[in-house]
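Positions are given from 1, in the same order as the sequence printed here. Basis for what follows: all heavy atoms, side chains included, without hydrogens, waters or symmetry-related copies.
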Amino acid sequence: MNSIILVAGARLLVVLMLVFSLFMLLRGHNEPGGGFIGGLLAAIGFVVYAIACGTTDARRALYFRPSNIAGMGLGLALLAGL
């Protein structure tokens with residue numbers, strides 16, 4: 001059983017981490033940061049949520065499956081390379 005404080009804190013922390021992840025993604029084109037750091041922050045946010053609420057709730061919170069996200073990213077990188 002997880003505490004109510006942990007669950008409530010994790011939900012707030014996940015929202016803040018996802019917003020900061022989006023900021024890092026948009027900021028990092030010509031400066032430190034970018035897609036990799038933004039993706040790491042988003043992944044850590046979902047890991048915190050999974051620890052606090054359980055893996056089934058975390059999988060429900062993800063709109064897309066992680067393998068589909070990785071496939072879209074690789075396809076986009078291939079398209080940019082061509």
Side-chain angles (χ1 to χ4, degrees):
M1 295 288 296
N2 290 333
S3 70
I4 296 172
I5 296 172
L6 176 65
V7 172
R11 287 183 180 160
L12 178 65
L13 187 62
V14 167
V15 170
L16 290 174
M17 289 184 80
L18 290 178
V19 169
F20 190 64
S21 169
L22 186 62
F23 169 74
M24 289 299 291
L25 175 71
L26 296 176
R27 174 186 176 266
H29 181 66
N30 291 324
E31 297 178 14
F36 184 73
I37 300 300
L40 283 178
L41 286 170
I44 290 170
F46 281 108
V47 167
V48 167
Y49 188 75
I51 290 171
C53 299
T55 56
T56 56
D57 289 338
R59 287 184 184 180
R60 262 189 268 142
L62 286 171
Y63 188 72
F64 296 107
R65 291 181 45 195
S67 59
N68 291 344
I69 295 171
M72 287 189 305
L74 287 174
L76 191 64
L78 178 66
L79 184 67
L82 292 175

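- Nearest heavy atom pair, residue V14 against residue G45, reads CG2-O, 3.0 Å.
- Minimum interatomic distance between M17 and L41 (heavy atoms only, all atoms of both residues): CE-O, 3.6 Å.
- Closest non-hydrogen pair, G39 versus S21, comes out as N-OG, 4.3 Å.
- A single hydrophobic cluster is not seen to contain both L6 and V47; linkage of ILVMFWY side chains at heavy-atom distances under 4.5 Å, directly or through other members, places them apart.
- Atom OH of residue Y49 and atom CZ of residue R59 lie 14.0 Å apart, to the nearest 0.5 angstrom.
- Put simply, CZ on R60 and CG on D57 are 4.5 Å apart, with the number rounded to the nearest 0.5 Å.
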*Should L18 and F46 be marked as a side chain to side chain contact (heavy atoms under 4.5 Å, CB included) after you check the CA-CA gap, both sets of side-chain angles, and the distance that decides it?*
CA-CA 9 Å; L18 290 178; F46 281 108; 4.0 Å; yes
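- Tracing side-chain contacts under 4.5 Å through hydrophobic residues (I, L, V, M, F, W, Y), one reaches L40 starting from F20; they form part of the same cluster.
- A distance of 10.0 Å separates CG in L13 from CD1 in I44, rounded to the nearest 0.5 Å.
- Note: the hydrophobic cluster containing I51 does not contain L62 (ILVMFWY, side chain heavy atoms under 4.5 Å, direct or indirect links).
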